[in-house]
Amino acid sequence: MSTVMLIVLIVVVAVLVVAVAAVLYRARARAGGGRGLRRRFGPEYDRAVARHDGDTKAAERDLGERVKRHGSLRTRPLEPVAREEFTARWTVAQERFVDSPREAVTEADRLIAELAGVRGFPDAGHYEEQLDALSVHHAHHVDGYRKVHRAALDTTGAEHGAGTEKGGADTEEMRGAMVEARALFDALMAQDADGGAARTGRRTARGRSAGLTPKGAQHG
């Protein structure tokens, strides 16, 4: 083999090695980004993939955009008077569930929207944007808000004869929505002004659901 041919062969091999390394690097970078988003969003990552019909790249673009828009958000402190008011209003809503589950979930939906707005998230008039921002900072609890909001819409439709075939959300669905929404409510109430979560005693699902059994319901 001539010297020229040997040099050409070496150059070709070097180019191939560089190309393969670049492909592997990009693949690892994409995988790392996906793992980072999965860790950050948890169950929200799976919901995004499902919403995009299994297209993980589209889901990750969606989640990445959420982080760009809302990742630097810093919450505002909650004044003591406002804290007491929100706590009292949630207690009333939870007690109201016994006699009027539909009114209770509607009030819970309204309360979380207002509380999030007070803490510095997009205001209640922009539900989808508010939900996206909350998903960045409270990924493991935001689905409770989604469920209680859906239940509130279902109850409104049912009252006007425009509900689902089941006549809107049933009582058990509303109870479950209230329980899950309480987790986000607690997180927003406990969150520090710099966006971190304050240390609070853990509440069990049973504790959150206390007082949410409508009159006449059978106890297991």
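Since the model is a prediction, treat every value here as computed from it, not as a measurement. As a basis for the values below, the full set of heavy atoms in this structure was taken, side chains included, without hydrogen atoms, waters or symmetry mates.
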Pair [X] + [Y], salt bridge at N-O below 4.0 Å:
X	Y	result
Arg47	Glu44	yes
Asp62	Arg51	yes
Glu173	Arg150	no
Arg89	Glu114	yes

Heavy-atom donor-acceptor pair, [X] side chain to [Y] backbone, under 3.5 Å:
X	Y	value
Arg119	Arg76	yes
His138	Asp143	no
Thr87	Arg83	yes

Are side-chain heavy atoms of [X] and [Y] found at a separation under 4.5 Å?
X	Y	answer
Phe86	Phe185	yes
Phe41	Asp46	no
Met174	Asp154	no
Leu78	Val118	yes
Arg96	Pro101	no
Val136	Leu73	no

Closest non-hydrogen atom pair between [X] and [Y], with its separation:
X	Y	result
Ser135	Arg66	OG-NH1, 2.8 Å
Pro122	Ala133	CD-CB, 3.6 Å
Phe97	Thr171	CZ-O, 3.8 Å
Leu37	Gly64	CD2-N, 4.3 Å
Ala124	Ala113	CB-CB, 3.6 Å

#### Entry: Stepwise side chain to side chain contact (heavy atoms under 4.5 Å, CB included) test for Leu153 and Asp109
CA-CA 9 Å; Leu153 292 178; Asp109 176 46; over 6 Å; no
### Task
Begin with the C-alpha distance, continue with both residues' side-chain angles, and end with the deciding distance and a verdict on side chain to side chain contact (heavy atoms under 4.5 Å, CB included) for Val142 and Leu131.
CA-CA 7 Å; Val142 71; Leu131 192 71; 3.6 Å; yes
#### Entry: Partner of Asp132 by salt bridge (Lys or Arg N to Asp or Glu O under 4.0 Å), out of Lys68, Arg146, Arg69
Arg69
#### Entry: Option among Arg35, Arg40, Arg39, Glu60 that satisfies the side chain to side chain donor-acceptor pair (under 3.5 Å) test with Tyr45
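It is Glu60, the one option of Arg35, Arg40, Arg39, Glu60 that forms the side chain to side chain donor-acceptor pair (under 3.5 Å) with Tyr45.
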#### Entry: Qualifying residues under side chain to side chain donor-acceptor pair (under 3.5 Å), relative to Glu172, sequence neighbours excluded
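In terms of side chain to side chain donor-acceptor pair (under 3.5 Å), with neighbours along the sequence ignored, Glu172 is linked to Arg175.
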#### Entry: Other residues, nucleotides, ligands: >12 heavy atoms within 6.0 Å of His126 NE2
no
### Qualifying residues under side chain to side chain contact (heavy atoms under 4.5 Å, CB included), relative to Ala116, sequence neighbours excluded
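Ala116 satisfies side chain to side chain contact (heavy atoms under 4.5 Å, CB included) with Phe121, Gln130, Leu134, Leu188 only.
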## Note on the structure
Paired with Thr106, the side chain to side chain contact (heavy atoms under 4.5 Å, CB included) test is passed by just one of Arg110, Glu103, Arg102, namely Arg110
### Atom pair CZ (Arg61) and OG1 (Thr56), whose distance is rounded to the nearest 0.5 Å
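Going from the CZ atom of Arg61 to the OG1 atom of Thr56 covers 9.5 Å.
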### Spacing of Lys147 atom NZ and Leu184 atom CG [to the nearest 0.5 Å]
13.0 Å
### Query
Taking it one step at a time, do Glu180 and His141 satisfy side chain to side chain contact (heavy atoms under 4.5 Å, CB included)?
CA-CA 7 Å; Glu180 291 191 44; His141 300 312; over 6 Å; no
### Task
With sequence neighbours left out, write down each residue that passes ring pair (Phe, Tyr, Trp, His ring centres under 6.0 Å) with His149, or none if nothing qualifies.
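His149: ring pair (Phe, Tyr, Trp, His ring centres under 6.0 Å) contacts with Tyr127.
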### Query
Just by distance, with hydrogens left out, do Glu129 and His70 show a side-chain donor and acceptor under 3.5 Å apart?
yes
